Amino acid sequence: MSTTNTSVRPSGVAGSGSRDPRKAAMSGWIGSALEYYDFALYSLAATLIFPTIFFPSENPTVGIIASLATYAVGYVSRPVGAVVLGAYGDRKGRKSVLVFAMLLMGFATFAVGLLPTYGQVGLLAPALLVLLRLVQGFAVAGELGGASAMIVEHSPDARRGFFASFSLQGTQVGSILATAVLLPLSAALPAEQFAAWGWRIPFLLSAVVILAGYFIRRRVQEPPAYKAQSGAVEAKRRFPLVELLRTHPAALLRCVAMTFANVVGMATLIFGVSFATQKGYGNGFSSSEFLWVTLVANIAAVVTIPLFGALSDRIGRRTLMATGGLAGGLLVAGYLWAIELGSLPLVFVCVVIVQGIFFQMWNATFATFFQEQFPMRIRVTGFAVSQNVGLMIASFFPSIFTAIAPPGSANIPLTIGLATFGICLVATVATLMSSDTRGKSLEDLEARKA
């Protein structure tokens, strides 16, 4: 991408500088891809590997729920990370928080690859797993908020949605990388060897993240508008969370509710993988087959995300978010029904439609929309707290789904499908209650919020 510099003077502050949306978007894309490689890797392992390695049980339902609960634990620490790292990003700069978050994530994921199993050390194994998952959740809480704030503040007003979508595309690329590493290992190694040591290799490769994160993110430049404003108001600035709760509580609550739309991805790529592969459900799909399903869904998302990001600049973000969330939630039942039928081709078609198209209408757009709900001085905190509180709540949906539709239950696709659609309906109402931002400059939005 070639670089076009555009002069910018934020309203209410003196100063000048040059925007560099392409460099900001590329940095956000690369950083998100590396960091979400780590986070997605754990999510896949929690459904495919960890139930028998860290949580052995004669009851398959117990093992599945316990493993999915450790997946959810990573979201429990995200609100804490959102408050701490959000304040860091708002007060000390977007660049600083992005470097720190990536290094911390790389360390935690590398350490997971060194953990002993339950058979070796008993309860210490899941305890250490939970601790490292907490560190992962803390670290990732600052990633997307900082990256998307940097991109939005560098971007021309008419193309904010397009450029900011690249940080979301990076998260999907990270998931693809995680799947692409696990897939050949699970296919090439005998099941015993994969369970014994093969699964560790992708986690140990996170050492690359520690090095790549430092060299990539240290070159990122702060948005000129942020630098101008931070110098002007630093002395008067409250702790960002206090100001967020005092001045923008309604926007915060709406964004938390909108985040529940992530239930579509959790129903398809978290609960759906367990439903398809765990023996207790009896659907008979192999782990390698559903690694391919996950891979195809993420490849479809990589293609559609920038398209929907650009479309949001034309028709508005609220329209895409409401349409994608409702349609995705409605079609989850069909995807789970395809799994129950045992038709792998139909599963591929359904996951592309549900996860690769409709959910990406929401996913490609929400980061920009959330950033536009908060003023610059608390933008990273507002985004990070709302997204991560919402995700903390939503992360328990897969375990709840397993509890209300355990192995041996009847009508599982319908039960989970109705639950998913109801949750998406809540997110859609919150979206429609928010003001659309199409056609408004960041300066206009800043003045309105002030």
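Just so you know, these numbers use all the heavy atoms, side chains as well, and skip hydrogens, waters and symmetry mates. As the structure is a prediction and not an experimental result, all values here were calculated from the model.
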inquiry  = Closer than 3.5 angstrom, by distance alone: can the side chain of Q172 be matched with the main-chain N or O of V302 as a donor-acceptor pair?
reply    = no
message = Under the rule for side chain to side chain donor-acceptor pair (under 3.5 Å), what residues qualify as partners of T381, not counting sequence neighbours?
response = D90
query = With no hydrogens and no angle check, is any side-chain donor or acceptor of S77 less than 3.5 Å from a backbone partner on L134?
reply = yes
task = Return the set of residues passing side chain to side chain donor-acceptor pair (under 3.5 Å) with S434 (not counting sequence neighbours), or none when no residue passes.
result = R254
key: Pairs flagged by side chain to side chain donor-acceptor pair (under 3.5 Å) wherever residues 137-151 is involved - sequence neighbours left out   = S32-E143, E143-R217, S148-Q371
ask   = L245: what forms a side chain to side chain contact (heavy atoms under 4.5 Å, CB included) with it, not counting sequence neighbours?
value = L241, L252
key: Derivation and outcome, ring pair (Phe, Tyr, Trp, His ring centres under 6.0 Å), residues F166 and F162   = CA-CA 7 Å; F166 282 96; F162 171 71; 5.1 Å; yes
message = Test: side chain to side chain donor-acceptor pair (under 3.5 Å). Region: residues 404-427. Which pairs qualify, not counting sequence neighbours?
response = none
task = Sort and list the pairs that fulfil side chain to side chain donor-acceptor pair (under 3.5 Å) and have at least one residue in residues 357-370, not counting sequence neighbours.
result = Q360-N363
ask   = Going by the angle between their ring planes, with limits at 30° and 60°, are F285 and F290 parallel, tilted or perpendicular?
value = perpendicular
inquiry  = According to side chain to side chain donor-acceptor pair (under 3.5 Å), who are the partners of S312, at least two apart in sequence or on a separate chain?
reply    = R317
message = Holding to side chain to side chain contact (heavy atoms under 4.5 Å, CB included), I want the full list of residues that pass it with S155, two or more places apart in sequence or in another chain.
response = P21, I151, R160, F163
key: Which residues share a side chain to side chain contact (heavy atoms under 4.5 Å, CB included) with L326, sequence neighbours left out   = F421, L425, T428
ask   = When M361 is tested against each of I305, L307, L311, T323 for side chain to side chain contact (heavy atoms under 4.5 Å, CB included), which residue passes?
value = T323
ask   = Taking only residues two or more places apart in sequence or in another chain, which ones pass side chain to side chain donor-acceptor pair (under 3.5 Å) with W292?
value = none
request  = Mind checking side chain to side chain contact (heavy atoms under 4.5 Å, CB included) for T268 and listing every partner two or more places apart, or none if nothing turns up?
outcome  = V332, Y335, V354, Q355
Listing, residues 195-210 side-chain donor-acceptor contacts under 3.5 Å, not counting sequence neighbours, or none:
from: W199; atom 1: NE1; to: A195; atom 2: O; distance (Å): 3.1
from: R200; atom 1: NH1; to: G113; atom 2: O; distance (Å): 3.0
from: R200; atom 1: NH1; to: L115; atom 2: O; distance (Å): 2.5
from: R200; atom 1: NH2; to: L115; atom 2: O; distance (Å): 2.8
from: S206; atom 1: OG; to: D38; atom 2: OD1; distance (Å): 2.7
from: S206; atom 1: OG; to: F203; atom 2: O; distance (Å): 3.2

